[in-house]
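Remember, predicted model here, so these are calculated numbers, not experimental data.
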Amino acid sequence: MSNKVIMLGNEAIARGAYEAGVKVSAAYPGTPSTEISENIVKYKEIYAEWSPNEKVATEVAIGASMSGVRALVSMKHVGVNVASDPLYTVSYIGTNGGLVLVAADDPGLYSSQNEQDSRAVARAAKVPVLEPSDSSEAKEFTKFAFELSEKYDTPVMLRTTTRLSHSQGLVELCDRVEPDDKPFERNAPKNVMMPGNAIKRHLAVEQREIAMAKDGCDFPINKVEYNDLSIGVITSGIPYQYVKEALPNASVLKLGIVNPLPKKLIEEFAAKVDKLFIVEELDPIIEEQVKSWGIKAIGKEILTVQGEYSTNMLKKAILGEELNISSPAKAPVRPPILCPGCPHRSTFYVLQKNKIHAAGDIGCYTLGAVAPLNVVDTTICMGASISSLHGIEKAKGKDYIKNWVAVIGDSTFMHTGINSLVNSVYNQGSGTILILDNSTTGMTGHQDHAATGKTLMGDHTYAIDIYGLCKAIGVENVQIVNAFDTEKLEKAIKEELQKDELSVIISKAPCALLDKTPVTVQYKVNSEKCKKCGMCMKPGCPAMTKTEDGTIKINDTMCNGCGLCHNICKFGAIEKVQVR
């Protein structure tokens, strides 16, 4: 079989894993990496799972590798932080079956809380990094990564970015080649990382780095393009595409491996060009090393360490061209907002009404920080809402947090919120925690998790009982409330905030986009009863609009009948309409 199709970068990585003979894939969903697993699951030869978090996913893949099969683990860049504990150590251990970690970075912060550069993490962990520049390379580099992993006894990072993950390109499909399983052999000095063993393995890692830096000069994934020698550019990944458009006549060294760097190849290229530029998004990972070798180069002096690059940016920075580009049309500002019928809106409305602060977390409900809700006051990382509220309480006392809650989604709670709750119980914390349970991983596109009762492969499984889990941990005060029952929810929150004990309120209702129940009722405004007070507009439902004269209207193409506006209106002006 050999034919070409158009694929997303993430889809191509999944295809590369399939063709490489991968047998186990583990991940936690996170944009821009999510579609890798969602495409891998289509290949029935591969066992694929959503793990509770990236650390667990990495350990699953390590176990599979130790057993002698090829394994893939994928995550977004901040997930690499969660996975760094096993990553640093498996760098010492090495592999049996090939082991590849896909790290999807997010220059431009399209869906993330920071712009960290995963190459820096990999360099610190002494893990080799490959960086493709299009969908075709995404597939081929994935396959090559497994070859390197087994040849050099090392995990390999495949570093992508949002632009690559979500861009399409032509990919040639090849047959799956499944290597024979390798036997597991007991080898404590290699696999058991106690200090006496680890110190010896560190020597092996350093020797591996030297060997790969030397051998990397001949890796086929590096490409030298000699043209006009007055300008030379060292680049990798997506920036290569911008370089080719901005400087079509320049000589280019396109690096496929960016850690360890192929020093001799770089030195040879640098010696042949008159002026050398290094073009890489985010941190000067390549630039700092090249300059440390005494090679003169221009990089971040003229290029930014923030966001994505572009063809026009490079033309201006390198060639000094002032481009005559017309200003883009001024489109209306469309700030992010929760969907119509989102149960989080109802919960945030109650918090806003009672002027309660919220320590936030990562998920759709982070939008509770923006107008018109303006409730969420902190957002750090996955699981941090509970921990940070605990810290506030220990710093300021129990009375200080009588108007504070922590808000965390069900998937995030399963990710790292559980540990934070255990800490609060163990260290005798107080405070009220709202678990916003919409029965999905909403922000990344409705993936299942350990509390939904369904696996990535579509199998029905035991659904972790969040209520029972909280009770088992030791939280005495736990209750479940319908997120849209604002009266009961408000009562519960007020009651729990007055306690000097730890409390959990599970505010539960399905995600509006996931709930397939047919809409049987909607709501309309009775203009004769409406006082034009605007109370119903406060939660910011996009289905509701207010005209210049104060008239309220509900868009029936968007209303899904959640009833929040009906519950808020004190004058009975929002009436239920049967639609089926």
Task: Student check: side-chain heavy atoms of Ser430 and Ile401 closer than 4.5 Å - done: yes
Task: Electrostatic pair Lys499-Glu495, nearest N-O below 4.0 angstrom - done: no
Task: Under 3.5 Å: donor-acceptor pair, side chain of Glu496, backbone of Ile505 - done: no
TODO: Report yes or no: do Asn114 and His77 form a side-chain donor-acceptor pair below 3.5 Å?
DONE: yes
Task: Point-to-point distance, once rounded to the nearest 0.5 Å, from CD1 of Ile493 to OG of Ser503 - done: 11.0 Å
Open item on the list: For Ala512 versus Cys342, what's the shortest heavy-atom pair and its separation?
Closed with: CB-N, 4.1 Å
Open item on the list: Given 3.5 Å as the limit, does a donor-acceptor pair link the side chain of Ser346 with the main chain of Ala483, or not?
Closed with: yes
Open item on the list: Salt bridge check, Asp105 against Arg159: does any charged N sit closer than 4.0 Å to a carboxylate O?
Closed with: yes
TODO: Report yes if the side chains of Val156 and Thr95 come closer than 4.5 Å at any heavy-atom pair, otherwise no.
DONE: no
- [ ] Could you walk me through whether Ile554 and Ile574 pass side chain to side chain contact (heavy atoms under 4.5 Å, CB included), step by step?
- [x] CA-CA 9 Å; Ile554 299 176; Ile574 299 179; 4.1 Å; yes
TODO: Examine distances only and state if a side-chain atom of Ser165 and a backbone atom of Gly9 form a donor-acceptor pair shorter than 3.5 Å.
DONE: no
Open item on the list: Has Ser439 got a side-chain atom pairing as donor or acceptor with Pro510's backbone, closer than 3.5 angstrom?
Closed with: no
Open item on the list: Surrounding CD1 of Ile6 (heavy atoms of other residues, nucleotides or ligands, distance under 6.0 Å), is the total greater than 12?
Closed with: no
Open item on the list: Under 4.0 Å between a side-chain nitrogen and a carboxylate oxygen: does that hold for Lys494 and Glu490?
Closed with: yes
Open item on the list: Looking at Glu59 and Lys55, is any side-chain nitrogen of the basic one under 4.0 Å from a carboxylate oxygen of the acidic one?
Closed with: yes
TODO: Considering non-hydrogen atoms only, spot the tightest contact between Gly417 and Ile386 and give its length.
DONE: O-CD1, 3.7 Å
Task: Minimum heavy-atom distance between Glu308 and Glu281, given as atom pair plus value - done: CA-OE2, 3.4 Å
Open item on the list: Strictly distance-based, threshold 3.5 Å: is any side-chain N or O of Asn10 a donor or acceptor partner for the main-chain N or O of Pro32?
Closed with: yes
Task: Step-by-step salt bridge (charged side-chain N to carboxylate O under 4.0 Å, His left out) determination, Glu19 to Arg15 - done: CA-CA 6 Å; Glu19 292 182 7; Arg15 180 68 193 189; 2.9 Å; yes
Task: Side-chain donor/acceptor of Lys76 to backbone N/O of Thr31, under 3.5 Å - done: yes
Open item on the list: One pair to check against side-chain hydrogen bond (donor to acceptor under 3.5 Å, both in side chains): Asn81 and Gln116. What are the steps and the verdict?
Closed with: CA-CA 10 Å; Asn81 301 331; Gln116 78 178 50; 2.8 Å; yes
TODO: May I ask you to test the Pro372-Pro539 pair for a side-chain heavy-atom distance under 4.5 Å?
DONE: no
- [ ] Could you pull out the closest heavy-atom pair between Leu158 and Ala138, with the gap in Å?
- [x] CD2-O, 4.4 Å
TODO: Considering only NZ, NE, NH1 and NH2 on the basic side and carboxylate oxygens on the acidic side, decide whether Lys402 and Asp500 come within less than 4.0 Å.
DONE: yes
- [ ] Could you tell me whether the side chain of Thr412 and the main chain of Ile408 form a donor-acceptor pair under 3.5 Å?
- [x] no
Task: Beyond-backbone contact of Leu513 with Cys339, side-chain heavy atoms, under 4.5 angstrom - done: yes
TODO: State, with a plain yes or no, whether a side-chain heavy atom of Thr347 is found less than 4.5 Å away from one of Leu489.
DONE: yes
- [ ] Decide yes or no for Ile418 and Phe413: does some side-chain heavy atom of the first lie under 4.5 Å from some side-chain heavy atom of the second?
- [x] yes
- [ ] Would you check, one step at a time, whether the test side chain to side chain contact (heavy atoms under 4.5 Å, CB included) holds for Leu367 with Leu373?
- [x] CA-CA 8 Å; Leu367 295 175; Leu373 296 165; over 6 Å; no
Open item on the list: Does any part of the side chain of Ser385, heavy atoms only, come nearer than 4.5 Å to the side chain of Leu389, both counted from C-beta?
Closed with: no
Open item on the list: One pair to check against side-chain hydrogen bond (donor to acceptor under 3.5 Å, both in side chains): Gln447 and Thr444. What are the steps and the verdict?
Closed with: CA-CA 7 Å; Gln447 292 78 29; Thr444 52; 2.5 Å; yes
Open item on the list: Could you measure the distance from the OG atom of Ser507 to the CG atom of Leu351? Nearest 0.5 Å is fine.
Closed with: 8.5 Å
Open item on the list: Between Thr162 and Asp106, is the side-chain hydrogen bond (donor to acceptor under 3.5 Å, both in side chains) condition met? List the steps.
Closed with: CA-CA 5 Å; Thr162 301; Asp106 190 20; 2.6 Å; yes
Open item on the list: For the backbone of Asp437 and the side chain of Lys508, can you confirm whether one donor and one acceptor N or O come within less than 3.5 Å of each other?
Closed with: no
Open item on the list: Looking at every heavy atom in both Ala463 and Thr452, which two are closest together, and how far apart are they?
Closed with: CB-C, 4.0 Å
- [ ] Could you tell me whether Lys398 atom NZ has more than 12 heavy atoms of other residues or ligands within 6.0 Å of it?
- [x] yes
Task: side-chain hydrogen bond (donor to acceptor under 3.5 Å, both in side chains) between Ser136 and Asp134, worked out - done: CA-CA 6 Å; Ser136 177; Asp134 57 31; 4.6 Å; no
Open item on the list: Using 30° and 60° as the class boundaries, would you call the ring planes of Tyr365 and His344 parallel, tilted or perpendicular?
Closed with: perpendicular
- [ ] Start with the C-alpha distance between Gln113 and Val78, add both sets of side-chain angles, then the distance that settles side chain to side chain contact (heavy atoms under 4.5 Å, CB included), and finish with yes or no.
- [x] CA-CA 8 Å; Gln113 63 266 45; Val78 287; 4.1 Å; yes
TODO: Can you see which heavy atom on Gly108 is nearest to which on Glu115, and at what distance?
DONE: N-OE2, 2.7 Å
Task: Interatomic distance, Asp377 atom CG to Ile356 atom CD1 [nearest 0.5 angstrom] - done: 11.5 Å
Open item on the list: I'd like to know if Glu45 pairs up with Arg176 as an ion pair, taking the criterion as any Lys NZ or Arg NE/NH1/NH2 lying under 4.0 Å from an Asp or Glu carboxylate oxygen.
Closed with: no
TODO: For a side-chain hydrogen bond (donor to acceptor under 3.5 Å, both in side chains) with His449, tell me which candidate from Thr441, Asp410, Thr440, Asn53 qualifies.
DONE: Asp410
Task: Step-by-step side chain to side chain contact (heavy atoms under 4.5 Å, CB included) determination, Tyr28 to Ser411 - done: CA-CA 10 Å; Tyr28 180 81; Ser411 181; 2.8 Å; yes
Task: Inter-residue atom distance Ile46.CD1 - Tyr18.OH, 0.5 Å rounding - done: 8.0 Å
Open item on the list: As an exercise, state the distance from OG1 of Thr461 to CG of Asp448, rounded to the nearest 0.5 Å.
Closed with: 10.5 Å
Open item on the list: Quick check: do Lys139 and Ile13 have side-chain heavy atoms less than 4.5 Å from each other?
Closed with: no
Task: Side chain Arg345, main chain Leu338, donor-acceptor under 3.5 Å - done: yes
Task: Heavy-atom donor-acceptor pair, Gln522 side chain to Asp556 backbone, under 3.5 Å - done: yes
Open item on the list: Quick check for you: to the nearest 0.5 Å, what is the distance between Met7 atom CE and Leu173 atom CG?
Closed with: 5.0 Å
TODO: Look at Lys524 together with Glu575 and state whether they make a salt bridge at an N to O cut-off of under 4.0 Å.
DONE: no
Task: Residues Arg70, Glu178: salt bridge by 4.0 Å N-O rule - done: no
Open item on the list: If you count heavy atoms of other groups shown closer than 6.0 angstrom to NZ of Lys471, is the number above 12?
Closed with: yes
